[in-house]
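The figures that follow rest on heavy atoms only: side chains count, while hydrogens, waters and symmetry mates do not. The structure presented is a predicted model; accordingly, all values stated were derived computationally and were not measured. As the structure lists them, so they are numbered: ligands from 1, and atoms in each ligand from 1. Each residue takes its place number in the sequence, starting with 1.
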Amino acid sequence: MTPLPDAPIQVDSWLSGDEERTLANDVLDGLTKPFKELAPKHFYDARGSELFEQICEQPEYYPTRTELAILRDRATEIVERTGAGELLELGAGASDKARVLLDAMRAAGTLRRYIPLDVSQSVVEAAARTLVDDYPGMAVHGVVGDFERHLAHVPPADGGVGGNRIVALLGGTIGNFPPGTRRGVLAKIAGLLGPEDRLVLGTDLVKDPQVIEAAYNDAAGVTAEFNRNLLHVLNRELDADFQPDAFEHVAFYDRRHEWVEMRLRATRACSVLIGDLDLRVEFAAGEELRTEISAKFTAERVAADLEAAGLELDAWFTDEAQLFGASLARVPAAAAG
Ligand code: SAH
Ligand code: AVI
């Protein structure tokens, strides 16, 4: 737990040796499956977070700018509906979108605290340091942790005026979970919501496959670099000997499942040693490792996932071209008692 000097900032870290074991266990499972795969949360070391920020600036990657525009249009309304003074952001990344909601809370006179939670320590610390300067009087309580495992460690809402809380999961990150796990994650998040709190959930929408595929195959090759960064993470964290340039980036839209798959394809046969696991993994030429799914949604799919997680859709916002959706969800009044 590190209080940073001279500011109302606290950063708690729940990732340590424990996290390395989680990565090791995921790799042991994922690389011994008949169809190899790894969870996308392992992309996000400091370099991965930086590359993601660069992806957001690519002309083909429409989700970030579209969601930002929706939030700019709707932030005042979202804050009015909740009277919230606190923003808990899960998978916060660079916190650019948080600023839009924090600005609306400041304008409403309710702003008290921002709680960014992310697996990436570098982004939580950077967000804490910059936001505390940019929002004088606002407390920042960063949490370095995994929202699949560490939600119990999120600081409780502090009550009082502006004590209601907005919990945000933006960017379409919920789409990076397969359908069943996704509902489980949403159910855990539902457990954080008080009767007046709201979840703001960002979801990328089903659309022309060409538009989607372009977003994951940017011409500058940033997404390819982001994808290959996973192999650098494994080399560093688990003493593996992947040669990242022997793997090519593959991203395509699966129309049946309505999700994007990112994969890394071995361009030649290779035998990789994962030193810390004493595990040798063989890749045939052309063999693929799935590194991410990114589900695309309809309003109906979002409502069904929320309902399965014990939440109800309160409001649905989208852009004119219906590229991206942002929902407000709440615990149903009966459940909130
Ligand atoms: N919310 C930002 C960033 C999206 S990128 C935006 O909308 O642009 C996804 C972010 O979620 C990354 O910062 C990554 O580190 C974080 N993340 C992914 N899986 C996570 C998990 N299981 N727990 C906590 N953070 C996670
Ligand atoms: C964080 N997540 C929602 C991004 C997405 O679009 O699924 C990650 C990403 N992968 C490739 N480009 C961006």
Side-chain angles (χ1 to χ4, degrees), residues 13-15 19 22-23 26 38-58 60-68 70-71 87-101 115-124 126-127 142-151 153-154 167-177 181-182 184-185 188-189 200-205 212-218 221-230 233 249-253 259-263 290-297 323-324 326:
S13 182
W14 300 97
L15 303 179
E19 188 50 23
T22 307
L23 173 65
D26 283 0
L38 285 173
K41 69 179 166 199
H42 301 303
F43 282 132
Y44 298 95
D45 63 348
R47 174 79 181 135
S49 296
E50 231 174 76
L51 286 165
F52 177 73
E53 282 169 41
Q54 287 176 32
I55 288 175
C56 294
E57 287 161 15
Q58 299 310 303
E60 299 91 339
Y61 195 74
Y62 60 85
T64 304
R65 60 177 176 270
T66 311
E67 188 181 34
L68 258 173
I70 297 170
L71 291 174
L87 173 62
L88 163 62
E89 189 179 17
L90 306 174
S95 300
D96 292 342
K97 295 166 188 167
R99 287 172 181 272
V100 179
L101 294 167
I115 306 172
L117 181 151
D118 205 290
V119 275
S120 176
Q121 178 167 348
S122 59
V123 297
V124 174
V143 181
V144 183
D146 181 337
F147 56 69
E148 288 186 84
R149 296 185 295 127
H150 299 126
L151 289 186
H153 301 302
V154 167
V167 179
L169 178 53
L170 303 174
T173 300
I174 192 64
N176 295 136
F177 293 98
T181 310
R182 181 196 305 158
V185 168
K188 282 191 203 153
I189 295 172
V200 182
L201 181 70
T203 44
D204 194 14
L205 301 181
I212 297 176
E213 287 188 344
Y216 292 81
N217 290 286
D218 62 279
V222 183
T223 307
E225 217 31 57
F226 172 74
N227 197 3
R228 273 191 287 267
N229 185 56
L230 185 63
V233 170
H249 167 71
V250 175
F252 64 93
Y253 185 58
W259 66 43
V260 169
E261 286 203 18
M262 288 213 312
R263 299 180 179 181
R290 183 163 76 175
T291 52
E292 182 178 76
I293 66 158
S294 186
K296 307 305 162 195
F297 291 78
L323 296 177
F324 201 90

- Indicate the atoms forming the closest heavy-atom contact of E148 with K188, along with that distance. O-NZ, 2.7 Å
- Note on the structure: Under 4.0 Å between heavy atoms, the region of Y44 that gets near ligand 1 turns out to be side chain
- Item | N/O separation below 3.5 Å, F177 to ligand 1 | no
- Task: Under 4.0 Å from a heavy atom of G171: give me the atoms of ligand 1 that qualify, with their elements.
- Result: 7 (O)
- Item | Separation of I174 CD1 from I189 CD1 (nearest 0.5 Å) | 5.5 Å
- Can you tell me the protein heavy atom closest to atom 23 (N) of ligand 1 and the distance? F147 N, 2.8 Å
- Item | Value rounded to 0.5 Å, distance of OG1 in T66 from CG in L205 | 9.5 Å
- Message: With a 4.0 Å heavy-atom cut-off, what residues sit around ligand 2?
- Response: Y44, F52, I55, Y61, G171, G172, T173, N176, Y216, T223, F226, M262, E292, S294
- Task: Could you check whether the rings of F226 and F52 sit parallel, tilted or perpendicular, using 30° and 60° as the cut-offs?
- Result: tilted
- If you scan protein heavy atoms around atom 19 (N) of ligand 1, the nearest is K41 CB, 3.5 Å
- Item | For G93, atoms of ligand 1 separated by under 4.0 Å from a heavy atom | 3 (C), 13 (O)
- Query: Looking at T173, which atoms of ligand 1 are within less than 4.0 Å of one of its heavy atoms?
  - Reply: 4 (C), 9 (C)
- Query: Is G91 in polar range of ligand 1, meaning some N or O pair under 3.5 Å apart?
  - Reply: yes
- Full working for side-chain contact (heavy atoms from CB on, under 4.5 Å) between N217 and T223: CA-CA 6 Å; N217 290 286; T223 307; over 6 Å; no
- Would you say the side-chain atoms of N176 pair up with the backbone N or O of I293, donor to acceptor, closer than 3.5 Å? yes
- With a 4.5 Å limit on heavy-atom distance, are the side chains of L51 and Y44 in contact? no
- Task: Heavy atoms only: give me the nearest L71-K97 pair and the separation to one decimal.
- Result: CD1-CB, 3.8 Å
- Contact (N/O only, under 3.5 Å) between D146 and ligand 1: yes
- Query: For ligand 1, which part of F43 has a heavy atom less than 4.0 Å away: the side chain, the backbone, both, or neither?
  - Reply: neither
- Looking at atom 5 (S) of ligand 1, what's its closest protein heavy atom, distance included? F52 CE2, 3.4 Å
- Counting only N and O atoms by type, is there a donor-acceptor contact under 3.5 Å from the side chain of T181 to the main-chain atoms of F177? no
- Message: Working to the nearest 0.5 angstrom, can you tell me the gap between E89 CD and S95 OG?
- Response: 5.0 Å
- Message: I'd like to know if the side chain of D218 reaches the main chain of E60, judged simply by a donor and an acceptor atom lying under 3.5 Å from each other, with no hydrogens or angles considered.
- Response: no
- Item | Residue and atom name of the nearest protein heavy atom (relative to atom 17 (N) of ligand 1), distance in Å to one decimal | V119 CG2, 3.8 Å
- Query: Does ligand 1 have an atom under 4.0 Å from some heavy atom of S95?
  - Reply: no
- Query: Do L117 and V124 come close enough that some side-chain heavy atom pair is under 4.5 Å?
  - Reply: no
- Message: Restricting to non-hydrogen atoms, name the atom on I70 and the atom on F324 that form the minimum distance, rounded to 0.1 Å.
- Response: CD1-O, 3.4 Å
- Message: Using a 4.0 Å heavy-atom cut-off, which part of A92 comes near ligand 1: side chain, backbone, both, or neither?
- Response: backbone
- List the closest protein heavy-atom neighbour of atom 15 (O) of ligand 1: residue, atom name, distance to the nearest 0.1 Å. D118 OD1, 2.5 Å
- Exercise: identify the closest heavy-atom pair between V144 and V119: CG1-O, 4.1 Å
- Message: Working to the nearest 0.5 angstrom, can you tell me the gap between W259 CH2 and D204 CG?
- Response: 15.0 Å
- Residue G145 vicinity, atoms of ligand 1 by number, heavy atom under 4.0 Å: 23 (N), 24 (C)
- How far is atom 6 (C) of ligand 1 from its nearest protein heavy atom, and which residue and atom name does that atom have? K97 NZ, 3.2 Å
- Does any N or O atom in L90 lie less than 3.5 angstrom from one in ligand 1, N or O only? no
- Touching ligand 1 at all, T64? Heavy atoms, strictly under 4.0 Å? no
